[in-house]
Structures are given as structure tokens and as C-alpha cells.
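As the structure lists them, so they are numbered: ligands from 1, and atoms in each ligand from 1.
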Amino acid sequence: MSFPKGFVWGAAASSYQIEGAAHEDGKGPSTWDMFCQKEGTIWNGQSGDVACDHYHRYKEDIGVMKQIGLCAYRLSISWPRVIPQGRGAINPKGLEFYDKLIDELLAADVSPYVTLFHWDYPYELYCRGGWLNRDSSDWFTEYVRVVVEKLSDRVKYWITLNEPQCFIGLGHQLGMHAPGDKLKFAEVLTAAHNALLAHGKAVQTIRAYSKVECQIGLALAGIVSIPATDSSEDVEAARQAMFSVTYKNCWNNTWWTDPVFFGRYPEDGLKLFGSDVPPIQDKDMKTICQPSDFFGVNIFFGQTIRTNKDGWPEAVLPPVGYAMTAFRWPVSPEALYWGPRFFGERYKLPIIITENGVSNVDWVSLDGKVHDPQRIDFLNRYLLELQKVCKHGVEVRGYFHWSILDNFEWTEGYKERFGLVYVDYPTQKRIAKDSAYWYKEVIASNGAILGKP
Ligand code: FCB
């Protein structure tokens with residue numbers, strides 16, 4: 001048996017990373033537009049101003065998706081493109097872009113999975129306190145309603161927030177992503193709480209205004225532990241590590257997912273964070289904990305964990321010379337087994353891998369093609385693990401490759417290439433990489449060709 005029938009084979013991208021047209025057709029500035037202008041923030045001073053020019057080339061890009069045979073495409077909507085100041089006046093041209101994009105996808109038989117927030121936050125609202133402002137969840141909801149009213153006659157799958165750990169942690173604690181703030185931990189937790197409220201209220205809004213029956217989830221940055229061996233002690237140590245809060249930062253799962261799925265913050269986190277935990281109003285936890293239809297999770301790698309002699313989880317250093325990607329992330333395929341397994345067990349929801357992929361040293365060969373055997377091998381290994389976890393009874397509904405196109409990799413600029421399709425930025429020419437042809441076969445066979453040479 002291969003993957004379940006109806007398994008959704010997709011690819012993903014996000015607005016700021018591919019659209020470009022940053023100052024066109026009435027789009028308002030986002031915190032990423034501003035952040036990229038600051039000296040020293042982005043590799044080689046690059047920005048998403050033009051990116052893949054997808055705003056103008058979306059038809060060509062959807063043509064490639066169709067050729068690959070994608071069942072689905074995960075896109076995100078730029079809030080300041082739709083509502084330039086973040087609140088109030090709607091930008092008809094911005095909304096129209098997404099309207100046409102959705103029609104084009106459906107005409108190509110590619111199902112849209114729409115992420116409502118993949119980090120391009122309206123700059124005007126940032127000036128009013130951004131996520132630190134208690135009203136920020138209502139601002140978000142107003143925007144969500146506009147999008148849902150426009151697109152929900154055709155869009156059935158919604159993702160509220162992408163990786164809250166990153167836009168709060170990297171953006172507000174470490175200052176490495178937009179808006180580039182280094183707040184006190186108590187403020188970081190306030191911003192986090194407001195983002196969680198935004199998730200809950202967005203779910204309510206989508207359910208209230210959707211014109212068709214829809215499915216909703218969020219996309220977590222999955223922090224995955226891989227047991228060092230199959231012994232029950234190591235498996236338990238890995239499970240414990242994956243679901244505990246041990247540092248005063250945003251890099252854990254449960255501070256985000258326990259409120260969303262259980263309606264409470266995890267005890268260990270509350271204890272560790274102590275007086276930094278913001279005041280929680282009466283109905284907050286109920287608002288945050290709205291029924292979800294799936295557990296969306298982005299998984300690129302995992303960390304190996306074993307039990308130490310005192311019975312505590314302990315990280316195992318990878319062996320000397322271990323395999324790593326161009327981004328220097330470890331190649332750890334088992335993350336696509338243990339991640340879905342542990343998350344599925346704890347939260348009891350169907351899993352969707354909303355992102356997985358690899359940044360590789362790709363260039364155009366003398367023959368004019370882009371040969372990326374490492375990506376094919378990477379995907380082969382990861383997808384075999386995903387297949388295994390499906391066989392073991394975990395309900396995995398879909399897999400979205402990150403990314404369809406090479407794109408603007410945040411602070412790394414255009415240096416990291418994650419695409420199935422190569423983008424020659426100076427000419428904006430697209431070249432499907434070998435991996436795109438291979439993924440096409442994977443999709444057509446529903447995974448039956450995996451592991452074959
Ligand atoms: C994830 C982000 C996505 C992309 C990949 C490589 O953390 O959600 O936008 O940058 O990493």
C-alpha cells in the first residue's frame with residue numbers, strides 16, 4: 001500500500017517571497033518592505049520588491065503547476081495589498097489579483113490552500129503597536145472577513161497563521177526578521193498571546209462568513225524530536241522533548257499548540273515563564289481554542305534525542321560529516337515520520353505537511369537544464385518516511401513541497417534556492433528542475449515510485 005487514496009500532493013509559496021510588485025496597484029507597505037530597507041538586515045541588501053514577479057507572471061507559474069500535476073497549491077495573501085493601511089479602505093486591485101489567481105488555479109485543476117498571514121504585516125498597524133496591541137486580533141479579523149467574503153465561494157481550505165514561532169520569535173524577540181524588534185520577554189509573550197487570539201477569531205470569522213463548507217488549520221513550525229533508537233525509553237524521551245517548554249524563547253511547540261487545541265497554556269511553560277506571562281482575560285482561552293479540521297505543520301528537519309542515565313531527554317550530536325543542506329540544516333528524513341506520529345497522537349487531528357523541502361546549490365548546466373539530484377534524494381528519503389507513518393495508521397492528508405519556485409528566502413535573500421522550478425532572477429525565466437519532473441512522477445503514481453532508482 002502506498003499513500004492513502006485522495007492524498008493531496010501540493011507545493012507552497014508565500015506572497016512576500018514571490019509576488020514582487022511591492023509598491024504597485026495601491027499596495028500598502030508591510031513590515032518586511034520596511035525591514036529590507038534597513039542596512040545590514042538582508043543578505044546583499046536584497047528585498048522582495050521584485051522577487052519572482054509572480055504578481056505579473058502568475059499565469060505562467062500556474063501553467064507549470066499544472067504541468068507538474070499538483071493537486072493543490074498553498075499560497076498566502078498579502079494583508080497590505082488587500083487593505084493598504086491594514087484597516088479601513090480596501091484596495092480593489094489587490095483583491096482582484098487574488099480573485100484572478102484563484103480562478104486561474106481552479107481552471108488548472110489545482111486546489112487553492114490559502115494562508116491568511118505569512119508574515120507581511122501592514123506597516124501602519126505596526127506603528128499602532130502591531131501584535132503588542134490588544135486590538136490586533138480584531139484588526140486581523142476585519143481583514144480576514146474581507147478575504148473570506150471575496151474568495152470563499154471557491155476556496156475551501158484556509159490556514160490562519162504561518163509559523164507563529166517565527167514571526168513572533170525571530171521578529172519580536174531576536175530582531176532577525178521583520179519588524180526587527182528585540183522586546184522584553186513579557187512583551188514577546190503578549191505579542192504571542194494576541195497572535196493566538198487572532199488565530200481563534202480568524203477561525204470564527206471564516207466559519208461565519210464562508211460561503212461553502214471549509215476546512216481550517218494553522219501552520220506550525222514543527223520542532224521535531226527523533227528518538228535515537230526504537231527503545232521505548234528513547235521514544236518517550238523524544239516525545240517528552242517535543243512537548244516540553246524548556247527555554248525562555250519561542251522555540252517550542254506546546255506554547256502555541258496547547259492553547260489552540262486544548263485551550264490552555266502548558267503547565268511547564270507557565271512555570272518557567274512565571275511573571276512574564278501576560279494577563280489572560282476571561283474568555284481568551286476559549287476564543288483561541290476553536291475547532292480545527294487539520295493540524296498543519298512545516299517540517300524541514302528534526303533533532304535526535306535519547307534518554308540519559310538519569311532518565312531525562314538529551315540531544316545527540318550528529319556524527320562528524322553528517323549530511324546537510326545548502327542552508328546548513330541537517331538532512332533528517334525521520335522527522336517526517338516522528339513529527340506526524342507524535343503530533344497526531346497528541347492532538348488527534350489529521351496532519352497536513354504544509355511545508356517541507358531543501359535549499360540546494362542549483363544552477364543552470366551547460367545543457368540548459370537544472371540537475372538537482374540532491375533534492376530528489378532528499379525528497380525520496382523524506383517521503384518514504386511519510387509513507388511509513390501513513391502505513392502505521394497516522395492520518396496524513398497531504399504534503400506541500402516548499403517551494404514551487406526559488407524565491408526570496410527572508411534574511412538570506414535569493415541565496416537559498418528551495419524551488420522545484422529554477423528562477424533566473426535577472427530575466428525572470430523559469431526552468432523546471434529535474435526534481436519537478438520527478439515530483440510529477442511521484443504525484444502520478446501516488447508515491448509508488450518512491451525509493452526506486
Ligand atoms: C519556513 C517559512 C517559509 C520558508 C521556509 C524555508 O520557515 O515558513 O516561508 O522560508 O521556511
Side-chain angles (χ1 to χ4, degrees), residues 10-20 30-32 35-36 41-43 46-48 51-52 54 73-79 113-121 159-174 176-178 195 199 217-224 249-253 256-257 295-303 324-332 335-336 339 352-362 372 374-375 378-379 382 399-421 423 435:
S14 87
S15 45
Y16 189 72
Q17 294 179 278
I18 64 167
E19 284 177 3
S30 73
T31 50
W32 269 97
F35 186 68
C36 291
T41 52
I42 315 290
W43 186 76
Q46 297 172 340
S47 78
C52 309
H54 175 73
Y73 169 54
R74 176 177 170 231
L75 63 115
S76 82
I77 305 235
S78 160
W79 180 353
Y113 279 57
V114 173
T115 304
L116 289 155
F117 182 68
H118 199 130
W119 308 353
D120 34 6
Y121 193 84
I159 289 152
T160 55
L161 308 176
N162 182 67
E163 298 190 343
Q165 294 113 315
C166 292
F167 69 82
I168 298 295
L170 293 171
H172 295 77
Q173 185 179 16
L174 301 174
M176 289 162 64
H177 273 195
H199 160 80
L218 104 168
L220 182 79
I223 295 158
V224 174
N249 62 28
C250 297
W251 304 118
N252 66 71
N253 297 306
W256 311 92
T257 43
F295 187 95
V297 58
N298 301 345
I299 300 178
F300 290 86
F301 57 84
Q303 188 184 27
M324 52 181 131
T325 71
F327 215 148
R328 297 293 181 248
W329 290 353
V331 178
S332 37
L336 271 200
I352 296 182
I353 304 299
T354 34
E355 286 178 26
N356 165 255
V358 50
S359 139
N360 190 41
V361 191
D362 301 323
D372 57 344
Q374 277 83 357
R375 181 171 287 102
F378 178 101
L379 293 179
Y382 274 68
Y399 169 88
F400 287 80
H401 178 77
W402 184 272
S403 174
I404 182 67
L405 298 173
D406 290 339
N407 62 47
F408 176 74
E409 180 47 40
W410 309 113
T411 46
E412 305 304 317
Y414 299 93
K415 170 159 67 67
E416 304 298 331
R417 291 186 178 271
F418 274 94
L420 291 169
V421 177
V423 177
S435 57

- Min N/O separation Glu355 to ligand 1 under 3.5 Å: yes
- Run the numbers for me: atoms of ligand 1, each under 4.0 Å from some heavy atom of Gln17, listed by number. 3 (C), 4 (C), 9 (O), 10 (O)
- Task: Enter the distance from Trp329:CH2 to Met324:CE here, rounded to the nearest 0.5 Å.
- Result: 14.0 Å
- Note on the structure: In this structure, CG of Leu220 is separated from CG of Asn298 (nearest 0.5 Å) by 7.5 Å
- Message: My understanding is that only one of Trp119, Phe408, Tyr121 makes a side chain to side chain contact (heavy atoms under 4.5 Å, CB included) with Tyr16; could you say which?
- Response: Phe408
- Task: Run down the list Trp402, Phe418, Phe167 and name the one with the heavy atom closest to atom 4 (C) of ligand 1.
- Result: Trp402
- Between Val423 and Arg417, the two heavy atoms sitting closest are O-NH1, 2.9 Å
- Message: Can you name the atoms of ligand 1, numbered from 1 with element, that are less than 4.0 Å from a heavy atom of Trp410?
- Response: 3 (C), 4 (C), 9 (O), 10 (O)
- Message: Can you report which non-hydrogen protein atom sits closest to atom 7 (O) of ligand 1, along with the distance?
- Response: Glu163 OE1, 2.5 Å
- Query: Is there any N or O on Ser14 that sits under 3.5 Å from an N or O of ligand 1?
  - Reply: no
- May I ask you to check if ligand 1 and Trp329 share an N or O to N or O distance below 3.5 Å? no
- Query: Does at least one non-hydrogen atom of Phe300 fall below 4.0 angstrom from an atom of ligand 1?
  - Reply: yes
- Task: Calculate, to the nearest 0.5 Å, the distance between atoms OG and CD belonging to Ser14 and Glu19 respectively.
- Result: 8.0 Å
- Are Thr354 and Arg74 close enough that a side-chain donor and a side-chain acceptor fall under 3.5 Å? no
- Short list, please: which atoms of ligand 1 are under 4.0 Å from a heavy atom of Asn162? 8 (O)
- Query: Is the shortest distance from a heavy atom of His118 to ligand 1 less than 4.0 Å?
  - Reply: yes
- Note on the structure: If you scan protein heavy atoms around atom 10 (O) of ligand 1, the nearest is Glu409 OE1, 2.7 Å
- Message: Between Tyr399 and Asn356, is there a side-chain donor-acceptor contact under 3.5 Å, judged purely by atom types and distance?
- Response: yes
- Check against side chain to side chain contact (heavy atoms under 4.5 Å, CB included), Phe35 and Thr411: CA-CA 10 Å; Phe35 186 68; Thr411 46; 4.2 Å; yes
